[in-house]
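The chains referred to below are lettered A, B, ... by the order of the sequence lines, with proteins before strands, and numbering in each begins at 1.
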Amino acid sequence: MAKGTTVKMWRRTLIVLIVMIAVGFGLILVSLVRLQLVDGAELQKAAVDQQLRDTVIPAQRGTIYDRNMKLLAQSATVWKVVLAPAYIHKEESWPSGYTDEEQLRRTVSAGLAEILDMDEEEIYNRTDGKSYYDVLKTKVEADVKDQVLNFVNEKGLGNIIELQEDYKRYYPFGSFASTILGFTGTDGQGLAGLEAYYDEYLSGTSGRLVTAKNALGTDMPFQYQQKVDAQNGYNLVLTIDEVVQHYLEKNLEEGVINNKVENRAAGIVMNVNTGEIIAMAVKGDYDPNNPFVITDEAERARIAALPEEEQKDATSTALQAQWRNKAVSDTYYPGSVFKMVTLAMAFEENLVTEDTPFTCAGSVLVADKTIKCWRPGGHGAQTVAEGLCNSCNPLFIHLGELLGTDRFFDYFEAFGFTQKTGIDLPGEASNKGLYHERESMTLLNLAVESFGQNFSITPMQMITAASAVANGGYIVQPHVVSQVIDNDNNIIKSADASVKRQVISKETSERLCKVLNMNATTGTAKNGYVAGYRVAGKTGTSEKVGKDGKVGSDNTYIASYCGFAPADDPQYAMLIFFDEPKGESYYGGAVAGPVFSKTMEEILPYLSIEPKYTEDETGSVGISTPNVIGKTTAQAQTELTSSNLKILVKGSGDVVIAQTPDPGSSIPNGGTVVVYTDEPSMGQTVAVPDFSNHSLSDVNYLAAQAGLNIKVTGAATKSTAAISRTQDYSVGEQVKPGTVITVNFVELDTVE
Amino acid sequence: MTDSRSDLKRGERGMSPEKTGGKVKSSGNRIGKKIRQKVNLFSVRAGLDIPFLFLILVLVSIGLVMLFSSSYAYAYHYYADSFYFIKRQALFAIAGIILMVAISYFDYHHFHKFTIPVLVLAWILLGVVMALPGTKGVHRWIDLGVLSVQPSEIAKFALILWFAHFISVNFKRMNTFKIGILPHLFVVVITVGLVVIEPHLSASVILLLISTIMLFVGGVKKKWFIIAFIVVAIAAVLYLTFKEGYANDRIAGWLDPFNPEYIKDETWQTSQSLLSIGSGGLFGLGFGQSRQKYLYLPEPQNDFIFAIVCEELGLIGALLIIILFILLIWRGITLSLRAKDKFGMLLGVGLTTQVGLQVILNIMVVTNTIPNTGISLPFFSYGGTSLIILLAQMGIVLSISRTSAVERS
């Protein structure tokens with residue numbers, strides 16, 4: 001018997017060997033090449049995804065300051081509570097002391113529900129997930145974070161519950177300046193206002209923390225960690241002055257209420273020489289801390305009453321409306337305010353002078369169409385300067401004719417009415433297509449545009465043009481941010497405060513200032529008058545386009561007032577704009593004028609503008625109350641009389657122990673100082689009477705009756721027709737005798 | 001009967017030029033002419049095969065190093081000792097190598113006598129393991145305290161020995177049904193049947209493949225393989241069609257290992273293995289740099305150790321190791337083919353083929369070329385007794401090599 005290997009065995013063994021190597025190892029080779037080379041990158045990425053915990057280190061968003069470094073918006077550290085339910089399903093990754101998944105899930109959900117004030121069942125359900133990153137709650141403040149941390153440490157849940165740093169935006173003054181500031185979204189991204197416009201500067205660059213973790217998320221001695229620090233955002237220093245902004249907002253709000261304004265209001269205060277926006281307000285606005293809450297309660301109630309399917313759209317519309325910056329995003333017919341621009345053109349072109357006579361017949365025929373003056377019967381014979389003070393439409397139609405379409409359009413363009421102002425705020429509206437182009441402007445168009453109708457501009461464009469009228473003819477760049485700085489106060493970016501161009505001469509500008517000052521003193525704009533501050537201004541009342549597309553069909557109006565001060569050295573321009581006032585009056589002079597006047601009166605002293613009183617103004621001007629405390633009543637009387645003040649003694653003592661008004665505070669010329677000579681009499685108070693809707697003499701009488709002093713503001717000194725509208729102490733409030741009550745007067749009959 | 005020693009030497013020297021000439025047919029005839037000789041225990045007739053020994057030692061060394069690299073994070077986490085696995089495996093490797101060398105001195109012809117005892121022992125152990133309480137319904141291990149044994153490992157050797165013995169004795173009648181098929185069918189059905197009920201699918205597959213190869217090499221007519229193939233194919237189709245659940249889930253998991261629906265089940269291991277292999281790319285992350293071994297890949301020191309090899313050493317490193325295995329198999333087969341007798345030849349082919357099959361099936365599982373079944377990687381995977389058994393079997397091949405008519409360099 002053959003012992004060794006036969007040929008057949010040889011052959012068959014070699015077949016086995018070859019099949020094993022060719023098929024077996026061949027398949028393996030194919031698999032390895034496919035996995036390591038073809039799909040390698042993809043698999044590697046998936047592997048890295050599960051191995052590395054890539055945590056974003058958020059950057060702290062920059063702070064926003066007003067021009068005096070008062071804090072307007074700031075980011076503070078908060079925390080994110082993140083759940084990694086995947087670890088709950090792995091027995092190996094349970095903290096010691098847990099024996100089953102259910103127990104662990106209950107511990108986690110009960111503990112967190114209590115601390116985070118969340119629904120326990122919801123958390124319990126989420127612990128069933130397979131994720132490593134389920135954000136349970138964001139914007140958790142420090143005290144809650146500490147509670148979570150204690151809970152995690154106590155129960156040993158470090159791998160299941162994670163706390164991550166984040167930032168929350170705080171606006172310490174609530175709705176204050178919200179339109180300018182804007183607000184941020186949940187991820188800290190700027191969504192409106194400066195927060196959106198300067199987002200790239202404010203947001204900074206977030207860092208990353210890349211950690212290699214094992215499959216259980218617990219720490220192991222072999223670890224890899226790489227950290228890229230976050231680069232905090234830059235800070236903004238605004239041109240806004242918090243004090244001025246406060247006055248503007250307060251008065252605008254009051255104006256909205258008093259005049260039953262239906263479609264919100266806007267106001268702008270601008271430095272005419274630099275283009276710095278000192279204040280910009282829109283009412284009603286919103287609280288940027290809670291931007292998604294509709295501020296207007298009536299609107300909220302209206303939406304709540306709607307059918308459910310309409311609520312979402314209605315809410316969205318209402319939110320969009322309250323976020324909208326009317327001062328830059330709305331376009332409107334400037335109306336008679338524009339007449340200052342037309343007059344500037346006519347002066348610059350030497351077509352007329354202040355004293356050129358013009359007779360208003362009450363209507364003008366332009367291209368077969370009769371255009372009426374606002375005043376039935378017309379203004380009759382007047383000079384050009386008087387025509388502006390009368391806001392006489394036929395005069396401006398005439399000036400338009402003298403200019404012709406070409407020249408008119410040249411100036412129209414030069415004043416910046418065909419371009420956005422380029423202010424550093426989002427959503428500036430373009431008025432392209434809302435005015436007549438040079439080529440298509442008919443004489444009728446020209447006539448109507450000359451007095452400010454039938455073309456739309458933004459309030460921002462109007463105040464920029466008005467600033468040029470005031471500042472010697474220069475178009476400046478309006479801006480809100482003066483500097484972008486880093487945390488070490490290095491300047492990253494400065495505002496472009498350059499002058500763009502000169503449109504009228506310095507001389508023309510000065511002449512305009514005089515005419516507009518006259519208008520605010522004795523003309524149709526006298527509701528904007530402020531004693532001692534040489535205010536120049538122009539009113540405007542424009543009809544809005546109705547729902548049917550026709551002008552005036554809904555009887556809705558925009559009342560505005562635009563002016564500046566002081567007229568002899570213009571510094572600050574202000575535009576007040578009420579959309580759809582539905583109160584007693586809808587005229588610019590009566591509605592916007594008093595708000596302009598009151599705001600100017602409050603901000604100009606603050607802005608260090610020296611008052612200069614004319615002869616007839618001194619009567620209504622306040623003087624500093626002398627200090628008579630410690631003196632005898634006789635001495636006090638002598639001293640007060642010499643200051644042209646009256647004295648009223650209360651009490652039976654001989655020596656003055658207290659006085660109203662307080663020493664050094666303002667008292668109107670000829671007012672009464674109440675002095676007290678004993679303790680009991682000091683407790684006396686009087687109720688503030690209702691001073692509204694009276695003539696100046698009636699108000700003085702009522703004040704005397706009540707033993708109060710009256711400070712008169714507004715049109716009263718310039719117009720006997722003015723009647724009192726608002727007072728700074730509410731009716732019925734108990735005040736000490738002698739308290740100075742400020743009463744504002746408005747000439748309601750003034751139209752246009 | 002001539003002096004076997006001088007006969008061998010003559011044969012050896014006579015074979016050398018022929019081997020270089022590559023004349024397979026003539027060498028077969030020469031070896032076939034050798035006649036039965038008396039064998040002595042530990043009779044050293046020639047030196048053992050150095051290349052084969054060298055390949056084994058290289059693979060054992062690389063295996064130990066990779067075992068350490070793949071297991072230390074796992075060992076640290078579960079045993080608080082990074083050296084837990086490597087310490088044990090290294091001891092078994094040393095013991096195994098000593099045993100291997102010792103067995104290489106042992107005349108393999110003595111195994112003729114052990115054929116039936118070893119087979120019966122394997123059956124008894126397979127019966128015992130079923131009687132023992134298994135884990136999760138699976139009975140694979142017999143725990144002897146210090147170490148534990150898989151009876152299926154013994155069964156593999158028992159079958160190889162059975163075929164080598166029976167075929168070499170009854171070689172001329174292997175083409176008959178009575179001798180070529182019937183007894184083997186009996187032995188294989190009992191052995192594989194006992195392994196199937198453990199259940200241990202991968203071991204069953206290996207046993208069947210070994211049986212097929214042994215019978216094929218042993219000269220059984222081809223028609224029986226065709227018949228067997230058809231029967232197995234039909235059985236497989238029926239099994240997959242009618243047995244719902246477990247098996248089908250496995251197939252589904254195999255086809256789509258990244259489906260999150262299966263991610264908590266067996267396919268988790270497969271998907272993590274693929275991520276490891278893919279992470280390696282061409283050159284690997286570098287030795288010791290695997291990230292998947294940080295508890296992502298479950299039990300990286302066991303069946304899926306090759307995934308960590310791929311991750312750390314890349315395609316280049318994986319191919320080098322595969323080439324080492326191919327060289328080992330090639331050398332083992334070459335040695336066997338030139339063995340002095342059919343018993344040695346069949347025994348050597350069986351033992352070498354077993355290693356080859358384990359390597360191929362293991363890497364196929366690791367690369368998800370076939371569904372996940374538990375097959376360890378020879379010389380690499382953790383497991384003391386299986387390493388010792390493997391090295392002992394390699395010792396038998398070395399013993400055969402002493403009689404083999406190849407040039408030893």
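Nearest heavy atoms, A:T13 versus B:M345: OG1-CE, 3.0 Å. Residues B:F225 and A:R12 come closest through the heavy atom pair CE1-NH1, 4.2 Å. Minimum heavy-atom separation, A:L37 to B:G281: CD2-C, 4.4 Å. The two residues A:Q44 and B:L285 make their nearest non-hydrogen contact at NE2-CD2, 3.9 Å. The two atoms that bring A:A46 and B:L275 nearest to each other are CB-CD2, 3.5 Å, heavy atoms only.
Taken to the nearest 0.5 Å, the CZ atom of A:F25 stands 9.0 Å off from the CE atom of B:M364. In this structure, A:M9 CE and B:S336 OG are separated by 10.0 Å, a value rounded to the nearest 0.5 Å. Rounded to the nearest 0.5 Å, atoms CG (A:L29) and CD1 (B:I322) are 7.0 Å apart. The structure places NZ of B:K172 at 11.0 Å from OG1 of A:T6, a figure rounded to the nearest 0.5 Å. Here the straight-line distance linking atom NZ of A:K45 with atom OG of B:S279 works out to 12.0 Å at 0.5 Å rounding. Atom CD1 of residue A:I28 and atom CG of residue B:L361 lie 8.0 Å apart, to the nearest 0.5 angstrom.
The candidate with the highest count of non-hydrogen atom pairs below 4.5 Å against chain A, out of B:T369, B:L315, B:L274, B:T367, is B:L315. For the set A:L35, A:I21, A:V30, A:I15, the entry with the most heavy-atom pairs within less than 4.5 Å of chain B is A:L35. For the set A:R11, A:M20, A:E42, the count of heavy-atom pairs under 4.5 angstrom toward chain B peaks at A:M20.
With a 4.5 angstrom heavy-atom cutoff, B:V349 touches chain A only via side-chain atoms. Neither the backbone nor the side chain of B:S276 comes within contact range of chain A; no heavy atom of the residue lies under 4.5 Å from a heavy atom of that chain. Residue contact with chain A, scored on non-hydrogen atoms closer than 4.5 Å, is absent for B:L297. Heavy atoms closer than 4.5 Å to chain A are found in the side chain of B:F306, but not in its backbone. The parts of A:V33 that come within reach of chain B are both its backbone and its side chain, each placing non-hydrogen atoms under 4.5 angstrom from that chain.
Counting heavy atoms of neighbouring residues, nucleotides and ligands inside a 6.0 Å radius, atom NZ of A:K312 does not exceed 12 of them. Within a 6.0 Å radius of CZ in A:R106, more than 12 heavy atoms belonging to other residues, nucleotides or ligands are found. Counting non-hydrogen atoms of neighbouring residues, nucleotides and ligands closer than 6.0 angstrom, the NZ atom of A:K145 exceeds 12 such neighbours. Counting non-hydrogen atoms of other residues, nucleotides and ligands closer than 6.0 Å to NZ of A:K137 gives a total above 12. Taking a 6.0 Å sphere around CH2 of B:W224, one finds it holds more than 12 heavy atoms contributed by other residues, nucleotides or ligands. Remark: A:E120 CD is packed, more than 12 non-hydrogen atoms of other residues, nucleotides or ligands lying under 6.0 Å away. More than 12 heavy atoms of other residues, nucleotides or ligands sit less than 6.0 Å from atom CG of A:D100.
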Query raised in the report: Please walk me through it: do B:I277 and A:L43 pass side chain to side chain contact (heavy atoms under 4.5 Å, CB included)?
Result: CA-CA 8 Å; B:I277 296 169; A:L43 289 167; over 6 Å; no

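In this structure, the side chain of A:Q36 engages the main chain of B:C310 through a donor-acceptor pair within 3.5 Å.
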